**Q** 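Next up is a structure, given as structure tokens.
Numbers restart at 1 for each chain; the letters A, B, ... are given by sequence-line order, proteins then strands. Reckoned from all heavy atoms, side chains included, excluding hydrogens, waters and symmetry mates. Worth saying up front: this structure is predicted, and the values here are computed from it rather than measured.
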2 protein chains.
Amino acid sequence: MSKALPSRSENYSEWYNELVKRADLAENSAVRGCMVIKPYGYSIWEKMQQTLDKMFKDTGHTNAYFPLFVPKSFLELEEGHAEGFAKECAVVTHYRLKTNPDKKGKLMVDPEAKLEEELIVRPTSEAVIWNTYKNWIQSYRDLPLLINQWANVVRWEMRTRLFLRTAEFLWQEGHTAHATAEEAVAETKLILDVYANFVENFMALPVIKGVKTENERFAGAVDTYCIEALMQDGKALQAGTSHFLGQNFAKAFDVRFTDRNNQLEYVWGTSWGVSTRLMGALVMAHSDDDGLILPPNLAPIQVVIVPIYKSEEGLQKIDAKVAEIKQNLQKQGISVKYDNRDTQRPGFKFAEWELKGVPVRIAIGERDLENNVAEVARRDTKTKQSIGLDGLTEEIIKLLADIHTNIYQRALAFRNEHITEVKTYEEFKEVLENKGGFVKAHWDGTSETEEKIKEETKATIRCIPLDAEKVAGNCIVTGKPSAQQVLFARAY
Amino acid sequence: MSKALPSRSENYSEWYNELVKRADLAENSAVRGCMVIKPYGYSIWEKMQQTLDKMFKDTGHTNAYFPLFVPKSFLELEEGHAEGFAKECAVVTHYRLKTNPDKKGKLMVDPEAKLEEELIVRPTSEAVIWNTYKNWIQSYRDLPLLINQWANVVRWEMRTRLFLRTAEFLWQEGHTAHATAEEAVAETKLILDVYANFVENFMALPVIKGVKTENERFAGAVDTYCIEALMQDGKALQAGTSHFLGQNFAKAFDVRFTDRNNQLEYVWGTSWGVSTRLMGALVMAHSDDDGLILPPNLAPIQVVIVPIYKSEEGLQKIDAKVAEIKQNLQKQGISVKYDNRDTQRPGFKFAEWELKGVPVRIAIGERDLENNVAEVARRDTKTKQSIGLDGLTEEIIKLLADIHTNIYQRALAFRNEHITEVKTYEEFKEVLENKGGFVKAHWDGTSETEEKIKEETKATIRCIPLDAEKVAGNCIVTGKPSAQQVLFARAY
Ligand SMILES: [Zn+2]
Ligand SMILES: [Zn+2]
């Protein structure tokens, strides 16, 4: 609370780092690349989990739990998958420490406790899960298998950033098995819709649905679908991915089933996930130089009430009224905190709850009580109004809905202003450099051109949008024919 | 479903293993010592989690998340802790694999990617968390700190059993920090009560609250409180522990705070946990030779409805009535499954839901419809009765409550019959060998005697009961004075 945050315009990156720490969302741990998710940050993640979990269950999925460790030989079985993850694995090689005979009180790895086969801390669980599915699937009656797991995963990263890129992160990973390709593709798209629904209606963040190019595809997938969002600094962020795995993992792990015609066939698969990365997107999408702006549907505290009083007697009167207000709001499912600390002044409290992004603040003074009103401030616009206490609950309900709509629309307007169509590579570079955002351009469909653009501009193809019109044209780099424009951006 | 389970009397251990697998709770994975928790088993664990999580929050705790890895040097800082866990750690030594130049398509550990300091996969998180608390605690105003985490942990075990002893398991671990010893002890006991409340009122399993002897204490604790339950084979199972850590971790990690008198003092700590081990206790406490018996408060499906029909037309009539019954039950918060599979006969379904422990089964035939009744069977006693459809919901509510009480009382009667007071070591050995259960005996308070008894009889001191009368006597082994009787048992 001491000094002001760096401003976004001054240093967006520092603003983000400082905000995540000062708002008590997360901090770096002493363990390289791993973060500590602090209670306030974790309570937002819990809301995300609960919401998504219900969505998964409502679409027929159940949860299960698979081992943390992947034997090295499992990872080798699906070639693309192995190449994708081998370079960033935490490897367990021993299963015991012993006291160090040379250094009193110190421990050392016991060389006699070397594992026959190294274990990889899961970077993702396709290998372990398909090895299990092999035993669960014999017949078409065992399909579809619609399973999700909430878990921690580890991908060793050299340069880490809180939530956005950490060695360990939390996520959910769905792994489904189907009798036909059509069914598996439908599942992939169903989940993409679930993700888009969640990000738009709970995170208040508009997304573009699309397909990844071969270069950007998940290691082991046939197709990777994704949702892409735009941050306030004009960089894109992949908010969720849903992979159609074809029969790749079924073939690697020999998972076959007897179909209705008594034929033995390989199973079709999907996998999909979102992670604590969404926390980073949430912070970067909406917040301002004074702190977090949380969407009401995910805010752990939706309304904070601060008493303004001069005497103990005045406080008691306010306390009594607040108890009533609080109860009325809670009856409507609204989470309320009454900040009646006597160690801090109202101004300090206002700044603290602004920093923490509480959508609505109610201040009540002794004179307000006399007038039967309260001062209601909204975090998104920082506007205040006096509202009569009699209709307060209804007004707050409307206000929370309005705040959601407002921050969604604000993010949508910003995003739409930052989709720029370009005809030439010059224009492309100019937009990236000076405006940022998504750049819509024709591309010849080759990895070579994609790589060249990435090397020269740091922009990647975020996706081939699903809902876009397919108008043919010519690649901005090679001039070769292109069937439709794709979306480029610099990205997190 | 194929052949019958082994019976408990024949082979209790095999009965347990087979039941866990056949009821779709869990199975061994291809990863040594790690289990796969299957969807049905996981849905029970989810109910446990939700219930406990609410209890923790209702008592002022919040959740957070700390890193999976513990640097080796952290583990060394608290001596007792290090000794307790060093011998069963999974050790990460490298952060990258590379392609094996000698074997096409194979991976190998990249020797150039050796970690400077080895990382231990957390066996528990005191070290990482107290290292973090150091930065969070400066003043008495920062206390108490009441945090819980839901996480996976790894303790390398040579002999594993599903749920009871696995290399990786799921648990919650609470870690709290306090300004005074009294407050920390009170927290330790508060949590012990929360655990006892959960196990008795949700798992329907009576427990004995007690304190561990020094030998059985948590590595790094001053006192370990525990709840102990009795399984049907007469072996005890520790169902939860709550540790008073004194200032041990505060001193090891230099966590001090300025108290109200402006004095710098070390912080007092507690830690406490329950794990997926509770799943094993749940299975072993209540189930019978036909399968699981789940307590209604944790059963993912509380009521299953099976239609008995001869014609498609008959089924349609039953379907319509069941839709109504189901809706009425669900309105009361009861989870219901209508098993209308046309691929299986009623007898098969009955056996399957018995195996899976669903507390109440309703069977409805065409004639039942005419008579406006249903056949209601309870899993615990295997008795059936015909109940009128008009009052069905009320009867089911009563029945579920009655089933909880019945299986609790059954377990309590069994447990009480199996607490045997003995005066001599001969008697002690005889009871252990022929009757099992808890043996109440005087003990001289020394580790030597405790060790001798353990070596000779495999019985450990489960606890020094908290609620027992303190009557002095003489140790059954050495004859030395003893202040109170303690509870011995062979245990899981
Ligand atoms: Zn995309
Ligand atoms: Zn005990």
**Q** For chain A, which of B:Ala113, B:Ala90, B:Ala82, B:Gly41 has the most heavy-atom pairs under 4.5 Å?
**A** B:Ala90
**Q** Heavy atoms only, distances under 4.5 angstrom: which of A:Val70, A:Val109, A:Ile37, A:Val91 has the most pairs with chain B? Name it, please.
**A** A:Val91
**Q** Suppose we count any N or O donor within 3.5 Å of an acceptor, strictly below that value; which pairs fall between chain A and chain B?
**A**
residue  : atom : partner  : partner atom : Å
A:Glu27  : OE1  : B:Trp136 : NE1          : 3.1
A:Glu27  : OE2  : B:Trp136 : NE1          : 3.1
A:Ile37  : N    : B:Tyr65  : O            : 2.8
A:Ile37  : O    : B:Tyr65  : N            : 3.0
A:Glu46  : OE1  : B:Lys57  : NZ           : 3.3
A:Glu46  : OE2  : B:Lys57  : NZ           : 3.0
A:Glu46  : OE2  : B:Asn63  : ND2          : 2.6
A:Lys57  : NZ   : B:Glu46  : OE1          : 3.3
A:Lys57  : NZ   : B:Glu46  : OE2          : 3.0
A:Asn63  : ND2  : B:Glu46  : OE2          : 2.6
A:Tyr65  : N    : B:Ile37  : O            : 3.0
A:Tyr65  : O    : B:Ile37  : N            : 2.8
A:Tyr65  : OH   : B:Asn152 : ND2          : 3.3
A:Tyr65  : OH   : B:Glu168 : OE2          : 2.5
A:Leu68  : N    : B:Glu168 : OE1          : 2.9
A:Lys72  : NZ   : B:Leu107 : O            : 2.7
A:Glu76  : OE2  : B:Leu107 : N            : 2.7
A:Ala86  : O    : B:Leu97  : N            : 2.8
A:Cys89  : N    : B:Tyr95  : O            : 3.4
A:Cys89  : O    : B:Arg96  : N            : 3.2
A:Val91  : N    : B:His94  : O            : 2.9
A:Val91  : O    : B:Thr93  : N            : 3.1
A:Thr93  : N    : B:Val91  : O            : 3.1
A:Thr93  : OG1  : B:Thr93  : OG1          : 2.7
A:His94  : O    : B:Val91  : N            : 2.9
A:Tyr95  : O    : B:Cys89  : N            : 3.4
A:Arg96  : N    : B:Cys89  : O            : 3.2
A:Leu97  : N    : B:Ala86  : O            : 2.8
A:Leu107 : N    : B:Glu76  : OE2          : 2.7
A:Leu107 : O    : B:Lys72  : NZ           : 2.7
A:Trp136 : NE1  : B:Glu27  : OE1          : 3.1
A:Trp136 : NE1  : B:Glu27  : OE2          : 3.0
A:Asn152 : OD1  : B:Asn152 : ND2          : 3.1
A:Asn152 : ND2  : B:Tyr65  : OH           : 3.3
A:Asn152 : ND2  : B:Asn152 : OD1          : 3.1
A:Glu168 : OE1  : B:Leu68  : N            : 2.9
A:Glu168 : OE2  : B:Tyr65  : OH           : 2.5

**Q** Which region of B:Leu119, side chain (C-beta onward) or backbone (N, CA, C, O), has a non-hydrogen atom less than 4.5 Å from a non-hydrogen atom of chain A, or is it both or neither?
**A** side chain
**Q** What are the two closest non-hydrogen atoms of A:Pro67 and B:Val36, and how far apart are they?
**A** CD-CG2, 3.9 Å
**Q** Check whether B:Leu115 gets within reach of chain A through its side chain, its backbone, both or neither, counting any heavy atom under 4.5 Å.
**A** side chain
**Q** Return the set of residues passing side chain to side chain contact (heavy atoms under 4.5 Å, CB included) with A:Ala219 (not counting sequence neighbours), or none when no residue passes.
**A** A:Phe85
**Q** Sort out for me which of B:Val31, B:Val128, B:Leu107, B:Ile120 touches chain A most, counting heavy-atom pairs under 4.5 Å.
**A** B:Leu107
**Q** Using a 4.5 angstrom heavy-atom cutoff, name the option from A:Ala64, A:Pro71, A:Ala26 with the most pairs to chain B.
**A** A:Ala64
**Q** If you define the side chain from C-beta out and look only at heavy atoms, does anything of A:Ile147 sit under 4.5 Å from B:Pro39?
**A** yes
**Q** Pick one of side chain, backbone, both or neither for A:Leu170, based on which atoms fall under 4.5 Å of a heavy atom in chain B.
**A** side chain
**Q** Between A:Val154 and B:Val92, is there a side-chain heavy-atom distance shorter than 4.5 Å?
**A** no
